[in-house]
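Below is one structure, written out as structure tokens; the observations come after it.
Computation of the quantities below employed the complete heavy-atom set of this structure, encompassing side-chain atoms and omitting hydrogens, waters and symmetry-equivalent molecules. No experiment lies behind these values; they were computed from the predicted model shown.
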Amino acid sequence: MSVRRTRRALAAAVAAGLIGLAAVGCSSDGGADAGPAGKVAEAPPAHAGTLRVLPSAVRGTKIVVGAADAPHTVTVYADPRCPYCAKFEASGGTVLAERAARGELRIEYGIASFLDARTGGTASARAANALRAAAEEGPGKFAAFQAALFASQPADESKDAFTADHLLRIADRVDGLRGDAFDRAVRDGTHTAWVADAEKAFEDSGVGGTPSVLVDGKALDGGAGLYDADAFGRLLDGALGS
């Protein structure tokens with residue numbers, strides 16, 4: 001499928017409220033709306049300790065979290081503005097973080113930004129740029145910032161979402177993340193070229209939507225189980241042969 005056709009298909013899916021492997025629509029009380037634009041949140045305290053120990057590294061167009069020699073690889077494709085991705089981060093994402101902290105697996109994050117094409121804005125790209133910057137700031141910074149970013153996701157898809165100021169306020173919730181290099185990268189869009197490459201890699205992957213999860217290269221068709229921690233844990237065990 002061509003990139004143009006892929007983008008049309010993805011935009012149509014989002015417009016219908018069907019993004020994700022399960023094609024499950026958001027409801028007003030389904031937990032997908034993360035609050036008004038400008039909301040700043042952080043990872044739940046019980047999860048924060050796990051995130052703090054997770055190393056991250058940039059490998060090509062992906063950000064890898066966890067030990068490089070972990071026996072399994074879970075690939076997650078997500079768009080910072082996708083409400084289903086926020087639901088996944090708060091559920092299945094916590095399971096992955098815990099498993100990565102125990103050395104059972106490493107997580108490869110493919111950061112997409114296709115939702116910008118739907119709205120005409122650049123909010124996903126700005127957030128992806130900030131995530132890329134966080135990956136260079138030491139252990140735990142990317143994982144904690146990603147969790148805080150999704151928890152702070154605006155309820156609407158305004159092109160003004162995730163401004164530099166908003167992203168930096170979110171970063172304030174991550175101990176030690178703010179600094180000259182990180183702040184400059186967020187304000188100047190230092191990693192714009194990487195963001196574009198990561199989006200192209202997403203388009204070329206053929207996964208078709210976000211969140212998409214692959215376990216050792218094989219798609220995990222989890223349906224609604226992607227958004228429930230216990231159910232996702234069982235799905236993951238099955239895929240890993242545990």
Open item on the list: In the structure I gave you, are the side-chain heavy atoms of Arg118 and Arg81 within less than 4.5 Å of one another anywhere?
Closed with: no
- [ ] Please tell me if the side chains of Leu131 and Tyr109 come closer than 4.5 Å, counting only heavy atoms from C-beta onward.
- [x] no
Open item on the list: Main chain of Ser124, side chain of Asp116: is a donor-acceptor contact present, judged purely on distance under 3.5 Å?
Closed with: yes
Task: Sidechain N-carboxylate O distance under 4.0 Å for Asp204, Lys200 - done: yes
- [ ] State, to 0.1 Å, how close Ala229 and Val95 come at their nearest heavy-atom pair, and which atoms those are.
- [x] O-CG2, 3.5 Å
Task: Which atom of Phe162 lies closest to which atom of Ala123, heavy atoms considered - done: CB-O, 3.8 Å
Task: Crowding at CZ, Arg102 (>12 non-hydrogen neighbours, <6.0 Å) - done: yes
- [ ] Determine the minimum heavy-atom distance between Cys82 and Leu115, stating which atoms define it.
- [x] N-CD1, 3.4 Å
TODO: Examine distances only and state if a side-chain atom of Ser56 and a backbone atom of Ala135 form a donor-acceptor pair shorter than 3.5 Å.
DONE: yes
Task: OG1 on Thr50 to CZ on Arg99, rounded to 0.5 Å - done: 12.5 Å
- [ ] Any chance you could measure Asp197, atom CG, to Thr61, atom OG1, to the nearest 0.5 Å?
- [x] 7.5 Å
Open item on the list: What I'd like to find out is whether the side chain of Val215 reaches to under 4.5 Å of the side chain of Leu105, using heavy atoms alone.
Closed with: no
Task: Where Ala125 and Ser113 come nearest, the two heavy atoms and their spacing - done: N-CB, 3.9 Å
- [ ] Can you measure from CD (Glu136) to NZ (Lys141) and round to the nearest 0.5 angstrom?
- [x] 13.5 Å
Task: Single-linkage hydrophobic cluster Leu54~Ile170, side-chain heavy atoms < 4.5 angstrom - done: yes
Open item on the list: As an exercise, state the distance from CZ of Arg169 to OG of Ser152, rounded to the nearest 0.5 Å.
Closed with: 9.5 Å
Task: Leu149 to Ala127 - nearest heavy-atom pair and separation - done: CD1-CB, 3.9 Å
Task: Check: Arg126 side chain, Ala161 main-chain N or O, donor-acceptor pair, under 3.5 Å - done: yes
Task: Pair Phe88 + Phe232: ring centers closer than 6.0 Å - done: yes
Task: Derivation of the side chain to side chain contact (heavy atoms under 4.5 Å, CB included) call for Thr75 and Val207 - done: CA-CA 11 Å; Thr75 304; Val207 297; over 6 Å; no
Open item on the list: Please report the interatomic distance CD(Glu108) to NZ(Lys62), rounded to the nearest 0.5 Å.
Closed with: 5.5 Å
TODO: Using side chain to side chain contact (heavy atoms under 4.5 Å, CB included) as the criterion, point out the one residue from Leu167, Val195, Thr122, Ile111 that pairs with Asn129.
DONE: Val195
Task: Trp194 to Ala128 - nearest heavy-atom pair and separation - done: CZ3-O, 4.2 Å
- [ ] Could you tell me whether the side chain of Asp165 reaches within less than 4.5 Å of the side chain of Arg187, counting heavy atoms only?
- [x] yes
TODO: Please check if the side chain of Gln153 supplies one atom and the backbone of Pro80 the other of a donor-acceptor pair under 3.5 Å.
DONE: yes
Task: hydrophobic_cluster_shared for Val58 and Phe145, side chain cutoff 4.5 Å - done: yes
Task: Flag side-chain contact, heavy atom, 4.5 Å: Val74 against Leu236 - done: yes
Task: From CZ (Arg178) to CD (Glu137), nearest 0.5 Å - done: 11.5 Å
Open item on the list: Can you tell me how the ring of Phe202 sits relative to the ring of Tyr77, calling it parallel under 30°, perpendicular over 60° and tilted otherwise?
Closed with: tilted
Open item on the list: Does any part of the side chain of Pro211, heavy atoms only, come nearer than 4.5 Å to the side chain of Glu89, both counted from C-beta?
Closed with: no
- [ ] Compare all side-chain heavy atoms of Val40 with those of Asp172 and state whether any distance is below 4.5 angstrom.
- [x] no
Task: Close side-chain approach of Phe182 and Leu168, heavy atoms under 4.5 Å - done: yes
